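Shown next, in structure tokens, is the structure this report addresses.
Everything quoted here is computed from the prediction, not taken from an experiment.
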Amino acid sequence: MPTRRPYPSDLSDARWELIEPVLSAWRFERRGRALDFGRPPEHDLRDIMNAILYVDRTGVQWRYLPHDFPHWNTVYGYFAKWQQDGVFAQLNGLLRKLLREREGRNGEPSACVIDAQSVKTSTSVPASSQGTDAGKKIVGRKRSIVTDTLGLLLAVLVTAASVQDSVAGTHLLDQVAAEHPGIHKVWVDGGYRQHLVEHAATLGIDMEISARTPGTKGFTPIPKRWAVERTYGWLMLHRRLVRDYETLPVRSEAMIHLAMTDLMARRLTSENTISWRDPAPQIKQPISG
């Protein structure tokens, strides 16, 4: 069978070398539990990951995957299994550690930033997992994330948009304190309430509420907090995340982990992230006179 032409979202050899050990270990462990009844694997893991990245990057529906990928039902099956087994979160953690160390930082962060983003949903999302963000007037879901000071993802929680930032923040702080015990400082915006500051203190974390200077107009980066806002900008390079299309909130979280894995792998291998639009051609102006 001839090799298919690569898509821009495909993994390069260098990026595959970063990701392959985790996926191969997952397959080895799964076969060790005899979950595939001793049958040899039928699908190449790199092809499966490329297909999932294609969905995340382009926003295409699973059923609309190009035919030169494995069957969409197979690809979605792997996506669901990897989400359930925490593979995407594991990849995110591995690449984050490598990237922090390459930037001259300790592999484990000591400070973080929390923020929330409300997004609209598609018609495929159950009404029971949606809500209304009264402040932003958005009906949909809310993504609450924790990043380090480089903007690299530490934790994510997807809820109905009606869930208060402080409620989601409490769950995220508990998770971060358990998984990253070295964190002692966190920055949030004015949407987080005082009781979250008190909860952070019980975990040994100093929470600082950073707010805009009164009277400031237009976009003004806020020290420390700008890193998490930039992360949301990175995520929007993946069209699947412009809206929430996933039936289950945990699958939405997996898509965010996947997008960050893609971004960090590109940074580690010094590969550019291709934007939605090709560069505009340079038009030579005629020389007058």
Side-chain angles (χ1 to χ4, degrees), residues 86 89 92-93 96 108-121 125-216 219-233 235 241 244 246 248-254 256-257 260:
N92 185 82
R96 181 186 64 244
E108 280 297 316
S110 59
C112 63
V113 194
I114 302 179
D115 199 12
Q117 176 194 56
S118 293
V119 293
K120 296 180 180 180
T121 50
V125 175
S128 59
S129 66
Q130 301 183 56
T132 302
D133 184 329
K136 299 177 181 177
K137 304 296 187 290
I138 291 177
V139 178
R141 283 179 175 163
K142 181 175 290 185
R143 301 163 179 163
S144 298
I145 65 173
V146 185
T147 72
D148 63 9
T149 53
L150 296 177
L152 306 180
L153 188 69
L154 298 177
V156 56
L157 179 65
V158 175
T159 63
S162 54
V163 173
Q164 290 289 335
D165 290 355
S166 295
V167 173
T170 299
H171 291 286
L172 287 173
L173 275 180
D174 290 339
Q175 180 181 342
V176 167
E179 297 178 358
H180 306 280
I183 287 183
H184 301 294
K185 181 74 175 184
V186 59
W187 289 273
V188 298
D189 65 18
Y192 293 85
R193 298 177 179 175
Q194 183 62 32
H195 69 80
L196 185 61
V197 177
E198 297 168 356
H199 179 71
T202 65
L203 299 173
I205 300 175
D206 175 32
M207 176 173 286
E208 179 179 329
I209 298 178
S210 303
R212 295 178 55 174
T213 303
T216 302
F219 174 74
T220 303
I222 299 176
K224 304 300 182 181
R225 262 198 49 230
W226 67 270
V228 70
E229 294 171 351
R230 182 183 60 178
T231 300
Y232 280 122
L235 294 176
L241 300 179
D244 194 326
E246 314 310 321
L248 302 176
V250 289
R251 301 281 159 80
S252 298
E253 295 168 7
I256 293 172
H257 276 126
M260 286 302 300

If I take atom [atom1] from residue [X] and atom [atom2] from residue [Y], how far apart are they, to the nearest 0.5 angstrom?
| X | Y | atom1 | atom2 | value |
| --- | --- | --- | --- | --- |
| L241 | M260 | CG | CE | 11.0 Å |
| L157 | H171 | CG | NE2 | 7.0 Å |
| H184 | D206 | NE2 | CG | 11.0 Å |
| T231 | Q117 | OG1 | CD | 11.0 Å |

**Request:** Would you sort out whether V158 and V250 count as a side-chain contact (heavy atoms from CB on, under 4.5 Å), showing the intermediate values?
**Result:** CA-CA 7 Å; V158 175; V250 289; over 6 Å; no
**Prompt:** Sequence neighbours excluded, which residues qualify as side-chain hydrogen bond (donor to acceptor under 3.5 Å, both in side chains) partners of T121?
**Reply:** Q130
**Complete:** Sorted by chain and residue number, the salt bridge (charged side-chain N to carboxylate O under 4.0 Å, His left out) partners of E246 (sequence neighbours excluded) come out as R240
Listed pairs under 3.5 Å, donor-acceptor, residues 161-170 side chains, sequence neighbours left out:
unit_1 : atom_1 : unit_2 : atom_2 : d
Q164   : OE1    : R193   : NH2    : 3.3
D165   : OD1    : K142   : NZ     : 2.8
S166   : OG     : R193   : N      : 2.8
T170   : OG1    : S166   : O      : 2.8

**Prompt:** Can you check side-chain contact (heavy atoms from CB on, under 4.5 Å) on E229 and D115, steps first, answer last?
**Reply:** CA-CA 8 Å; E229 294 171 351; D115 199 12; 3.8 Å; yes
**Prompt:** Between V228 and I114, is a side-chain contact (heavy atoms from CB on, under 4.5 Å) present by the stated rule, with each step listed?
**Reply:** CA-CA 7 Å; V228 70; I114 302 179; over 6 Å; no
**Prompt:** With sequence neighbours excluded, what pairs up with E208 under the side chain to side chain contact (heavy atoms under 4.5 Å, CB included) test?
**Reply:** K185, W187, S210
**Message:** Does atom NZ (K136) have a neighbourhood of more than 12 heavy atoms from anything else shown, all under 6.0 Å?
**Reply:** yes
What pairs of donor and acceptor atoms, side-chain ones from residues 144-156 against any protein atom, are under 3.5 angstrom apart with sequence neighbours left out?
unit_1 : atom_1 : unit_2 : atom_2 : d
D148   : OD1    : L150   : N      : 2.9
D148   : OD1    : G151   : N      : 3.0
D148   : OD1    : L152   : N      : 2.8
D148   : OD2    : R100   : NH1    : 2.9
T149   : OG1    : R105   : NH1    : 3.4

**D189 vs I209, side-chain contact (heavy atoms from CB on, under 4.5 Å): CA-CA, chis, key distance, verdict** = CA-CA 5 Å; D189 65 18; I209 298 178; 6.0 Å; no
**Item:** Heavy-atom pair of closest approach, residues V119 and R143
**Value:** CG1-NH1, 3.6 Å
Can you give me every donor-acceptor pair (side chain of residues 194-205, partner residue at least two apart or in another chain, under 3.5 Å) with its distance?
unit_1 : atom_1 : unit_2 : atom_2 : d
H199   : NE2    : D174   : OD1    : 2.7
T202   : OG1    : H199   : O      : 2.5

**Check: R141/S129 side-chain N/O donor and acceptor closer than 3.5 Å** = yes
